[in-house]
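Written out below as structure tokens is the structure these notes cover.
Only a predicted model underlies this, so the values are computations on that prediction, with no experimental measurement involved.
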Amino acid sequence: MLVHIVPRFEKGRILRTEMLENLRDFPRNFLDVRFEDYSDGILTGLKVSVEDQVLIVGKGILKHAGRLYLLEDDFSVPYMATGRVAVLKMIFLEPTRRPDFTAHHAEIVLEGEESLGLDEVELGRFKLKPGAVLRSDYQDFADMNTEFNTWCDLHAPYSAISTPTLRPDILRFFAYEMLQFRSGDVQDHVFSFTCLNSERVSRQVVEQYIYLKTGMNCEDYSNVQLHRQLSMILDESGRNTKTAVPWANGRKGRMIVD
């Protein structure tokens, strides 16, 4: 039976246990049902911005082992140049059990260890040379995976139905660049519009697009490998684009012969 219960907190009424239980359970139950079919990974937010000597992790929600973890306030992590890979991770701790509740916590740390444990999720990485400046403003789509002095969040799993996918902003970047080429391939337009208009694009859609464009079966590819294939597709589209004659207002040109 479907149900929608709203407690009535009114003057003169007795405050009952059931009323408080409804306030306690409804938000969590709603989110659990809403994202039940979603994989582990970032559900929303947790976007990392690069500031002077500090990384700022924005508010967001992450799903891990079927549980939803909420970061309610921005979180700052200092960093320094080492010339080696530094990985920003979320590490999930053992639950804390108390008489009144059980708490599941996770901490955000910056480590030099690239491999991830079972209870660790990557938010991004970089390799900063001494004296250089860490940046996150990309020159083009391929620049997202530049090895040195560049923030990279390609490795971060973004939650989607059944299987994690690429972050939406990564795929939107691809779409903006592809549409600038004015490709004549309908597949490019369909995929680009999907990336621009969807909250998240499933991994299967990305893999199928790559297969249609390249014939590559990339079901076992990592996020970085998918990005590389998409970069190659952009390179090919750029080379195949013919420079259009810039007729005024986009109208077809007319040739007048005396």
Side-chain angles (χ1 to χ4, degrees), residues 34-49 58 60-63 121-126 135-147 150-247 250 252:
R34 170 67 177 82
F35 296 110
E36 181 179 9
D37 295 329
Y38 283 67
S39 68
D40 284 354
I42 299 170
L43 282 168
T44 186
L46 297 179
K47 183 66 177 174
V48 179
S49 57
I61 303 174
L62 184 140
K63 184 176 181 180
V121 173
E122 178 174 338
L123 297 179
R125 63 176 63 189
F126 63 89
R135 65 185 180 90
S136 59
D137 52 333
Y138 308 114
Q139 303 303 310
D140 54 29
F141 185 75
D143 190 32
M144 288 183 167
N145 198 32
T146 298
E147 181 178 4
T150 306
W151 170 255
C152 174
D153 57 5
L154 292 173
H155 299 264
Y158 201 85
S159 178
I161 300 295
S162 302
T163 309
T165 186
L166 294 167
R167 292 190 67 107
D169 48 312
I170 295 174
L171 293 174
R172 291 191 191 107
F173 202 122
F174 171 89
Y176 286 131
E177 193 164 324
M178 174 60 77
L179 292 175
Q180 288 178 358
F181 292 142
R182 301 188 183 276
S183 168
D185 191 335
V186 175
Q187 294 171 353
D188 294 333
H189 290 276
V190 172
F191 182 70
S192 296
F193 293 150
T194 299
C195 293
L196 291 176
N197 293 315
S198 301
E199 178 183 340
R200 66 197 74 220
V201 180
S202 74
R203 194 179 197 85
Q204 291 77 11
V205 170
V206 178
E207 292 171 348
Q208 185 64 21
Y209 170 70
I210 294 174
Y211 176 77
L212 292 173
K213 294 292 293 184
T214 68
M216 297 285 293
N217 187 342
C218 49
E219 291 182 359
D220 298 325
Y221 278 22
S222 66
N223 282 4
V224 173
Q225 290 172 313
L226 291 178
H227 172 267
R228 177 171 175 77
Q229 290 297 320
L230 291 172
S231 297
M232 293 172 64
I233 291 172
L234 283 173
D235 288 342
E236 185 67 19
S237 296
R239 286 194 295 268
N240 292 339
T241 300
K242 296 180 179 179
T243 303
V245 179
W247 299 102
K252 293 182 178 180

### Message
Which residues pass the side-chain contact (heavy atoms from CB on, under 4.5 Å) test with Tyr211, not counting sequence neighbours?
### Response
Gln208
### Summary
Distance col, row Ile210:CD1 vs Ile233:CD1, nearest 0.5 angstrom, shows 5.5 Å
### Query
So do His189 and Leu179 actually touch side chain to side chain, heavy atoms under 4.5 Å?
yes
### Side chains of Cys218 and Gln225 in contact at under 4.5 Å (non-hydrogen atoms)
no
### Task
Would you please name every residue forming a side-chain contact (heavy atoms from CB on, under 4.5 Å) with Glu36, sequence neighbours left out?
none
#### Entry: Within-4.5 Å side-chain heavy-atom neighbours: Asn223 and Tyr158
no
### Query
Heavy atoms, side chains only, cut-off 4.5 Å: are Met216 and Tyr221 in contact?
yes
### Query
Is any side-chain heavy atom of Val48 closer than 4.5 Å to a side-chain heavy atom of Asp153?
no
### Query
If you measure from OG on Ser222 to CZ on Arg228, what distance do you get to the nearest 0.5 Å?
11.5 Å
### Query
Do the non-hydrogen side-chain atoms of Thr146 and Tyr138 ever get within less than 4.5 Å of each other?
no
Can I get a per-line list of side-chain donor-acceptor pairs under 3.5 Å for residues 160-174, giving both atom names and the distance, sequence neighbours left out?
| unit_1 | atom_1 | unit_2 | atom_2 | d |
| --- | --- | --- | --- | --- |
| Thr165 | OG1 | Val201 | O | 2.7 |
| Arg167 | NE | Asp169 | OD1 | 3.3 |
| Arg167 | NH2 | Gly45 | O | 3.1 |
| Asp169 | OD2 | Lys47 | NZ | 2.5 |

### Message
What's the separation between atom SG in Cys152 and atom CD in Glu147, rounded to the nearest 0.5 Å?
### Response
11.0 Å
### Query
Do Asp40 and Pro157 touch side chain to side chain, with heavy atoms closer than 4.5 Å?
no
### Query
Can you tell me how far the CH2 atom of Trp151 sits from the CZ atom of Arg125, to the nearest 0.5 Å?
9.5 Å
## Note on the structure
Rounding to 0.5 Å, atoms CG (Leu46) and OG1 (Thr44) come to a distance of 8.0 Å
### Message
Quick one, Arg200 and Ser159 - any side-chain contact, counting heavy atoms below 4.5 Å?
### Response
yes
### Query
How many angstroms lie between atom CG of Asp235 and atom CD of Glu177, to the nearest 0.5 angstrom?
8.0 Å
#### Entry: Geometric class of the Phe35/Tyr38 ring pair [parallel <30°, tilted 30-60°, perpendicular >60°]
perpendicular
